[in-house]
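Here is the structure we will look at, set down as structure tokens.
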Amino acid sequence: MAILNLKFKSTTITFLLSSLIIVFTSCKNDDEKTKDPEDVKVSQTMNAELTAPPMVPKPTGRRKAKKLVVDMEVIEEESEMTDGVKYVYWTFDGTVPGSFIRTKVGDEVEFHLKNHPDNKLPHNIDLHAVNGPGGGAESSFVAPGHEVVFSFKVLNPGLYVYHCATAPVGMHIANGMYGLILVEPEEGLSEVDREYYIMQGDFYTKGEFGEPGLQPFDMKKAIDEDADYVVFNGKVGAMTGDNALTAEVGETVRLYVGNGGPNLVSSFHVIGEIFDKVYVEGGDLVNENVQTTLIPAGGAAIVEFKIETPGEYILVDHSIFRAFNKGALAQLKAEGKENKKVFSGKIEEGIYQPEGGGIQEMPVDEEELAASRPSEKPGLEEKMELGKNIYGRTCVACHQANGQGIPQVFPPLAGADYLNEDVKRAIDIVLHGKSGEITVNGNTYNSVMTAQNISDQEVANVLTYIYNNWGNNGTEVTEEMVKAQRRN
Amino acid sequence: MIMASGFSQASEMAEIEGGTYIPLYGNDSLPVSVENFKIDKYPVTNKEYLKFVVENPKWKKSEVKALFADGRYLNHWKNDTELKSDELENAPVTNVSWFAARAYCKWKGKRLPTLDEWEYVAMADKETADARKKDGYNEFILSWYERPKSFHQEIGSTYENYWGVYDMHGMVWEWTADFNSVIISGETRRDENQDNNLFCGSAAIGSSDLMNYAAFMRYAFRSSVKGNYSIRNLGFRCAQDTNEEENSANEAL
């Protein structure tokens, strides 16, 4: 490598050039490793292992460069954005992001791109790992029901984004057409214990965040960069609760993090961890001890950290309203032995501090609320169902899928004495927020809950849902009870 | 509402009064003249196409030449004369190649509409002949792009436009005689550079941007196909010069 660098510098110092080339070529004969990746010969053909997020294919290890056959299908399909909200995604291989492709420098990739016959639109693929006009986009343009084959050689190690680049590019990306391709250096990346694949994306829907039903793409909001959802891996909660990422104490975790955009730049952060290593922008430069790394739209980064202590680590876009109001939040659950030297068990979680001690209340559009209210009084069953949806988009991020909360940070709701002993207080907290120290089931918490901007009926439904689950006391909260607690 | 009358008069044509329009692409975006012509009120249905196949056996699924129709030709039909069980007789016929569509129209004494004729009729919404600057018109088209399996609808299920023509948008793509006369390379960012007014012209976001997006995808689709492609979302309707009468005598092909 040193010799390669010298050669580049010498381009301006012409009198050195010839002698250096002699050094360079003679060295090239001695050492295979300095070979230009372009000249790497491929021996065998193999089918690429492709994985759906958050999984990553096996490392390339010490294998030699090969002809790698990648087979991908474009699928336009309806799926769930969050509880009760549907969206028509355009995908590579049926997932957002699309399949992870893992290659090694010198590999010759033979790319088969199929466009499902039921699809309405032509698509293509632009791989940022390709050296050539359009990154393959022009040669991969394919009509529904057809397949194109093109090939390229991967020359530059790094983590790269691929995406659809068919007109209008923004709309194809906004609907989920992106993914990551990794090009490992010849010697492979260092071994780690766990690897995961995460990609952020912003979504623009006709209805606001959480508005139920099938939500069409909103071109105007997309152009205005006014995102309704900012999520990891295509939907709210793709990696929370039962789908959380896992690791064990003592393990080193490597995350391949991409950002599909189309618009927003990510302030990627893991609450409770410091990145030991960041391959900045997915390239060769390694930075150490990083709290938050910037990932541009159409860019990526590799982050690594060792898990020192058990617990729940929360992955966020630290442009923080996106995390708690638009869905940019995932979980990593680490199991293993407590390590009191590293973590004493009592912390003050910092993420809410920028909002200050005061609790902010959002303006409420009363007309809109009235319009969204069902005309009849819902029965208990319906309230539970409606409440579940509200819980799924409003409460679950902090209080978790089964109301268990996050130790030391967010108090539990399941079997919580604080909740069950005073329903008026519970309503008041949902309506007006809460800050300062409280004790729940013997543990103290000192955090901030923001006032929730939801209607009286929604408060009644979600609290009824909470009170009738997870060993709570079965209180049915009515709209009137909520109204009585409003401070006007 | 119009369903009952719709089926019985499926092959009815609407008179289109010619004029000029500025297409989004091609011809350097100069105004293009369109003569008076007639166009089918509805896309050709499975049922109508079956009649054609029966009378012209060389267009049967089992006999068609690959040069004129690829392997997906009439893929939603069970065999030469029957639809698969969940398909609708009165839905537009799709999975037909350009060659097949052209032959059908010829058999009817008609022809495929030119790209300009098709676009001219398709500019209309319910009330106006050129609705391309209306948000509602464009939003309807954009939302169709995202609705899966919209080919599974009976003809007449969308709206009747200013000319009395149904289903120009919201159902299936349609072949035109010169579908690939405007080539988009598929590398859109490059295409965009060829006409800066389209995408780089102004920072303001207005209905004209939506209009560009809606139409751009139609041109992109056309550029992605070849004459023998048979595609699930692609059907057709026929056109005719105004002075000609429908010729049901059915020229042999």
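Residue numbering restarts at 1 for every chain, and letters A, B, ... go by the order of the sequence lines.
Looking at B:Y159 and B:N161, their side chains never bring a donor and an acceptor atom within 3.5 Å of each other. Side chain to side chain, A:Q200 and A:D317 meet the donor-acceptor criterion of an N or O pair below 3.5 Å. B:S157 and B:E154 are not linked by any side-chain donor-acceptor pair at a separation below 3.5 angstrom, with hydrogens and angles left out of the test.
With B:F236 as the fixed residue, the ring pair (Phe, Tyr, Trp, His ring centres under 6.0 Å) test singles out one of B:Y104, B:W98, B:F99, B:W175: B:Y104.
Among all heavy-atom pairs drawn from A:G260 and A:I173, the shortest one is O-CG2, 3.2 Å. Considering all non-hydrogen atoms of both residues, B:I155 and B:M171 come closest at CA-CE, 4.0 Å.
For a residue to count as touching a neighbouring chain, one of its non-hydrogen atoms must lie under 4.5 Å from one of that chain's; by this rule B:D70 touches chain A with the side chain only. Contacts between A:H116 and chain B at a heavy-atom distance below 4.5 Å are absent for every atom of the residue. Looking at B:S150, the atoms closer than 4.5 Å to chain A (heavy atoms on both sides) sit in the backbone and in the side chain alike. Residue contact with chain B, scored on non-hydrogen atoms closer than 4.5 Å, involves the backbone of A:N119 exclusively.
A cation-pi contact, defined as under 6.0 Å to the ring centre and within 45° of the axis, is absent between A:R393 and A:F209. Under a cutoff of 6.0 Å and an axis angle of 45°, B:R222 and B:Y219 form a cation-pi pair.
Within residues 86-93 of chain A, the residues having any heavy atom less than 4.5 Å from a heavy atom of chain B are, in residue-number order, A:Y87, A:V88, A:W90.
Of the listed residues (A:M171, A:H146, A:E77), the greatest number of heavy-atom pairs within a distance under 4.5 Å of chain B belongs to A:H146. Heavy-atom pairs under 4.5 Å with chain B were tallied for A:P144, A:G170, A:G145; the largest tally goes to A:P144. Between chain A and the residues B:F151, B:Y229, B:Y145, the most heavy-atom pairs under 4.5 angstrom are made by B:Y229.
By the 30° and 60° cut-offs, the orientation of the rings of B:W173 relative to B:F221 is parallel.
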